[in-house]
Structures are given as structure tokens and as C-alpha cells.
Amino acid sequence: MTDTSTPAEAPLLDLVGSDEARRVAEDLLATAGSSELPLEIGTLTDEELVAYLGSEDAAGPMGVWYTALVVEAKELAQLSTLRALTARGQFRQLADESGQEAYQLAEPVLATLRLRSTEPRLSAQTARDDGPWWYILRPLEGGLWLREVVTPVGMHSFHLVRLESEEELFLTVVGVGADAPPAEVSADLTPEQLEEKTPANSFLEGCTHSTSLMAIVPGQPHPDVLNIHVSSEGKVFLGRRIEDRMAFRGAPGDVVVDTWRSWVAAQ
């Protein structure tokens, strides 16, 4: 257990930014450097992250279960979570010698929260029949990356990975095969034309995967944003914002593969 004293009113974000959190995170990265990757480092639920970090903004992105609760139910879920974590020895709240409240977190949890505080370099939100999924990559030291996958029910799984081994999972997340054919789509629509279902945007219905991809290349002032859609027939079309419109065009699967590989090469 890691013991770090913080004022009672301070969020656990202070603990995540502590020297002790940096130490346990560095130890974990050192272990990963000599381990077979991907290396699973833990799982956390939405309510655990909110309880640890103090807000939904800090814990997000989140699944649909917790976010749909009313405020009182969310507070109850957090209290129940902290009770369960305390019983499992992963969390303790106590007073130090000066009377200030102090927190103890299991070192694997603290290391995960510390690594997760790094800004993402790639984020993919995919809408599927079972709900929204998230795939997030954060750069770490030594060529390692933190992969976070968030399920529709709000389970966050964390692995240490290298980018060169992530292509297959990325393509699985967005639902694209390298040999997927292009969809017969060519449309330029305004935001207003996308607000409601109309014949003009009917090609967006029935997709098995609809992904909003945000990818950052070091040195570029703005992230690259791309929408990737897969029809029920397995055909692919892409959407990009061009001035005040969204431009949708059919594209073969290898365009998505090239997009991924170009981003990896630029890191």
C-alpha cells in the first residue's frame, strides 16, 4: 500500500501527482521493459475511477450505466465501491499524525492512475449494436504506450503495449478489414442535415460500426479527426469535416490501414 497525506478537501488527483505515484509508475514501466507485451496492469470501473479521481470529467470517457444514474444513485455507487475496495485492501482513508486525512492506494492502482493522467495521443469512440466502445492510447517512456479500452458498461481495461503490435486490435475496434470494399457513398452534408434522419443521410443507418477517430501527430497544431463507418454489408465509408460541411466518401479498408500506419510512423 502507498500512503500519501492530502488535505481532506483535496481530491485524490493530488495523490496521483505525488512523487510516490511517479515512483510506482516508473517501477511498473521498468517491469514492462523486460516483460512480454501486451502487459495487463488492471481493470477499473467507471465508479471506481470517479471515487478515486473525484469527478466524471477526470474519470471519463465512461460507459452508459453509470452516466445514466441520478445523482443520489451515483453517490451510492461510489460509496459502495469504496467500501468494496477497502474490504479488498486496495483503498484506505485514515488520519496521519497531524490529524489530516490521508489515503492509501494499492500500488498497482496508483501506478495505473498515474500513467492514465498522460494526455491521449489517439482516441477512437465506436458505436456498435451493444453500445459505445472506447480505444485510447497514451504515450509513455521507453517506447511504451498505455492502452485503455472502455466497454459500454463502463469497464476500463489497461495494458502496456508497443504500437507496432496494436494494428490488429485497432482494426477490430473500428470493424474494418484491410480487404473491405468501399461503400457507394458520396455526400456533403451540413450539421443541420445530420440532426434528423432524412433520405439524404439514410446511408448512415444500419452501420455495424461508426467510429469517431481523433489522432494527434507531434508538432501538428490540431488533431486529425476522421469518422469511419462500416455498413451492414462490410463496406467502408469515411467522413471528414471540410469547412462547414461533413464530406462522406466510400473508401476501401486499406485506406484505414494506411491511416493507422501513417500515424504510427509519425510518433
Side-chain angles (χ1 to χ4, degrees), residues 55-64 67-68 118-139 148-150 152 163 166-167 169-267:
S55 74
E56 292 183 38
D57 287 341
M62 307 178 73
V64 296
T67 53
T118 304
E119 286 296 318
R121 196 74 62 81
L122 181 140
S123 175
Q125 181 187 14
T126 299
R128 306 190 330 189
D129 289 342
D130 57 347
W133 289 73
W134 289 83
Y135 172 87
I136 302 166
L137 291 171
R138 295 177 170 89
E148 178 180 1
V149 174
V150 187
L163 288 184
E166 284 295 289
E167 181 176 304
L169 179 58
F170 169 77
L171 294 176
T172 299
V173 169
V174 300
V176 173
D179 57 351
E184 295 180 1
V185 171
S186 180
D188 298 306
L189 303 177
T190 65
E192 291 76 18
Q193 290 175 306
L194 292 170
E195 289 179 354
E196 297 181 1
K197 294 181 180 180
T198 66
N201 62 32
S202 60
F203 60 88
L204 292 169
E205 297 181 23
C207 290
T208 62
H209 296 71
S210 293
T211 301
S212 177
L213 175 67
M214 184 279 294
I216 295 174
V217 171
Q220 288 188 356
H222 304 290
D224 184 31
V225 179
L226 178 67
N227 291 339
I228 305 170
H229 302 271
V230 182
S231 72
S232 57
E233 294 82 21
K235 298 179 180 181
V236 179
F237 62 97
L238 308 178
R240 287 186 182 275
R241 178 173 288 278
I242 299 178
E243 296 180 349
D244 62 342
R245 293 175 178 267
M246 283 295 296
F248 297 95
R249 299 289 187 273
D254 57 11
V255 171
V256 178
V257 175
D258 289 343
T259 298
W260 165 262
R261 292 178 180 175
S262 296
W263 176 80
V264 170
Q267 300 307 305

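What you see is a predicted model, and the numbers here were worked out from it, not measured in a lab.
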Is Glu205 atom CD crowded by more than 12 heavy atoms from other residues, nucleotides or ligands, each under 6.0 Å away? yes
Is it true that [X] and [Y] make a salt bridge, defined as a side-chain N closer than 4.0 Å to a carboxylate O?
X: Arg261; Y: Asp254; result: no
X: Arg138; Y: Glu148; result: yes
X: Asp188; Y: Arg240; result: no

Please report the closest heavy-atom contact between [X] and [Y], naming both atoms and the distance.
X: Pro252; Y: Pro182; result: N-CB, 3.7 Å
X: Leu213; Y: Phe170; result: CD1-CE1, 4.0 Å
X: Asn201; Y: Leu194; result: ND2-CA, 4.0 Å
X: Gln125; Y: Pro132; result: NE2-CB, 4.2 Å
X: Gly234; Y: Pro181; result: O-CD, 3.9 Å
X: Pro218; Y: Ala266; result: CD-O, 3.6 Å

Measuring from atom [atom1] of [X] to atom [atom2] of [Y], what distance do you get when rounded to the nearest 0.5 angstrom?
X: Thr198; Y: Glu196; atom1: OG1; atom2: CD; value: 8.5 Å
X: Met246; Y: Ile242; atom1: CE; atom2: CD1; value: 9.0 Å
X: Glu184; Y: Glu233; atom1: CD; atom2: CD; value: 10.0 Å
X: Arg245; Y: Glu192; atom1: CZ; atom2: CD; value: 9.5 Å
X: Thr208; Y: Arg128; atom1: OG1; atom2: CZ; value: 9.0 Å

Indicate yes or no: at least one non-hydrogen side-chain atom of [X] is less than 4.5 angstrom from one of [Y].
X: Val257; Y: Leu171; value: yes
X: Pro61; Y: Ile136; value: yes
X: Trp133; Y: Val149; value: yes
X: Leu137; Y: Arg121; value: no
X: Ser186; Y: Phe248; value: no
X: Leu122; Y: Trp263; value: yes
X: Ser231; Y: Phe203; value: no
X: Leu238; Y: Leu226; value: yes

Are the side chain of [X] and the backbone of [Y] linked by a donor-acceptor contact shorter than 3.5 Å?
X: Ser262; Y: Thr259; value: no
X: Gln193; Y: Thr190; value: yes
X: Gln267; Y: Ile216; value: yes

Side chains of His229 and Ser210: is there a donor and an acceptor less than 3.5 Å apart? yes
Decide yes or no on side-chain contact (heavy atoms from CB on, under 4.5 Å) for Met62 and Thr67, but give the supporting numbers first. CA-CA 7 Å; Met62 307 178 73; Thr67 53; 3.9 Å; yes
Stepwise side-chain contact (heavy atoms from CB on, under 4.5 Å) check, Val255 with Trp260: CA-CA 9 Å; Val255 171; Trp260 165 262; over 6 Å; no
Is there a side-chain contact (heavy atoms from CB on, under 4.5 Å) between Ser212 and Asn227? Walk through the geometry before answering. CA-CA 5 Å; Ser212 177; Asn227 291 339; 3.8 Å; yes
Steps toward side-chain contact (heavy atoms from CB on, under 4.5 Å) verdict (Val176, Ile228): CA-CA 9 Å; Val176 173; Ile228 305 170; 3.9 Å; yes
